[in-house]
Amino acid sequence: NFGSSPFAFAPLASVCGRPALPQLAKMVCHILDFSLLQEWLGTCGEYLKCVQKPFSKMSFKDMWKCNNTNLQDWFQTWSVVQFLWAVIVNIVVAVILSISGDVPSGIYCLVVGSVSAWFWAHIGWFAVVKKEGCCCLFIFCVSKAPLVLLIVGVWFIIWAALLILNSLSYIAAHSLGFIVTVCYATYAVTLIYMGMIMVKMWMQKSGEPQLGDTSAVVIGKASN
């Protein structure tokens, strides 16, 4: 999807007259690859359609089942639910802050929280559904590496546990703090499911090289 790179080595068609093994995942290292950014931005409309129809790929009833086999559709459904629930949580927190007399903080929480929720939800969906495991750090990004699915999946589950523990502090901080605790605790459920799905995706690819069978480096804009 990123296009070929002059730094990538194409696998040989045969070795000593034998057909080459089927090509598996190819890890790609992106350095200042602005075409990656453009590709992600180009999926904004696609992800928006997913948000508008959150259960187009999987029903609300089926998304709770742990034996789903279509993992990409399963992850997409939970990704959208995670974003929508994050917006609801931000609204609740904003209302509580406003009731407490801190209206500016409430507005800030609602706007910044909702925008960041979209940003991370869209990146997560793009990384898992479109790039089969992608980890981005500023100007450097690794894609198509199954090991990333395991690492991020486990981190989501740990993050969910920490979120629940940290949310308990709201109970003593405010008379309506228990509502915030409940919101964050239920939001953590979405993270647990997303983490579990990513681990399942990794398990499906456990027979593949965890950093791809070959690797490629894209520096700057990838060529077509």
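The shown structure was predicted, so the numbers you read here are calculated from the model rather than taken from an experiment.
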Of all heavy-atom pairs between Gln82 and Ala121, which one has the smallest distance, and what is that distance? OE1-CB, 3.6 Å
For the residue pair Tyr170 and Tyr184, categorise the inter-ring angle as parallel (less than 30°), tilted (30 to 60°) or perpendicular (more than 60°). parallel
Nearest heavy atoms of Cys109 and Asn90, plus distance in Å: O-OD1, 3.8 Å
Contact between Val180 and Leu176 at the side-chain level, heavy atoms closer than 4.5 Å - yes or no? no
Contacts of Ser98 meeting side chain to side chain donor-acceptor pair (under 3.5 Å) (sequence neighbours excluded), chain-then-number -> none
Working to the nearest 0.5 Å, report the span between CD1 of Ile197 and CD1 of Ile192. 12.0 Å
If two hydrophobic side chains count as joined below 4.5 Å and joins carry through other members, does Ile157 share a cluster with Ile164? no
Which distance, rounded to the nearest 0.5 Å, do you find between the CG of Asp102 and the CD1 of Ile96? 12.5 Å
Expected output: side-chain Thr186 to main-chain Cys183 donor-acceptor under 3.5 Å: yes
Side chains of Phe119 and Val115, heavy atoms from C-beta outward: is any pair under 4.5 Å? no
Can you get from Ile91 to Val112 by hopping between Ile, Leu, Val, Met, Phe, Trp and Tyr side chains that sit under 4.5 Å apart? no
Path from Tyr193 to Ile88 over hydrophobic side-chain contacts below 4.5 Å: yes
If you compare all heavy atoms of Gln204 against all heavy atoms of Thr69, which two are closest, and at what distance to 0.1 Å? NE2-O, 4.1 Å
Distance check, rounded to the nearest 0.5 Å: Ile179 atom CD1 versus Ile171 atom CD1? 11.5 Å
Quick check, are the ring centers of Tyr187 and Trp159 under 6.0 angstrom apart? no
Rounded at 0.5 Å granularity, tell me how far CE in Met194 sits from OG1 in Thr77. 11.0 Å
Rounded to the nearest 0.5 Å, how far apart are CG of Leu149 and CG of Leu147? 8.5 Å
With a 3.5 Å distance limit and no angle check, can you tell me whether Ser79 reaches the backbone of Phe75 through a side-chain donor-acceptor pair? no
How about Phe83 and Val87: do any of their side-chain heavy atoms sit closer than 4.5 Å? yes
Of all heavy-atom pairs between Leu110 and Ala94, which one has the smallest distance, and what is that distance? CB-CB, 3.9 Å
Please tell me whether Trp120 and Trp40 are part of a single hydrophobic cluster in this structure, the criterion being side-chain heavy atoms less than 4.5 Å apart. yes
List the atom of Ala188, the atom of Ala160, and the distance in Å for their closest heavy-atom pair. O-CB, 3.5 Å
Rounded to the nearest 0.5 Å, what separates atom CD in Gln76 from atom CE in Met58? 10.0 Å
Side-chain contact test, heavy atoms from C-beta onward, threshold under 4.5 Å: evaluate it for Gln72 versus Asn70 and give yes or no. yes
Steps toward side-chain contact (heavy atoms from CB on, under 4.5 Å) verdict (Met63, Phe55): CA-CA 9 Å; Met63 65 180 281; Phe55 305 111; 3.5 Å; yes
Looking only at non-hydrogen atoms, find the nearest pair between Pro54 and Val80 and report the distance. CB-CG1, 3.5 Å
Taking the side chain as everything from C-beta on, heavy atoms only, tell me whether Met196 gets closer than 4.5 Å to Trp74. yes
Would one find more than 12 heavy atoms of other residues, nucleotides or ligands at under 6.0 Å from atom OH of Tyr108? no
Tell me, please, which residues at least two apart from Tyr47 pass ring pair (Phe, Tyr, Trp, His ring centres under 6.0 Å). Trp118, His122, Trp125
If a pair satisfies salt bridge (Lys or Arg N to Asp or Glu O under 4.0 Å) and one of its residues is in residues 59-72, list it, with sequence neighbours excluded. Asp62-Lys65
State plainly whether one hydrophobic cluster holds both Val182 and Leu162, where clusters connect Ile, Leu, Val, Met, Phe, Trp and Tyr through side-chain heavy atoms under 4.5 angstrom apart. no
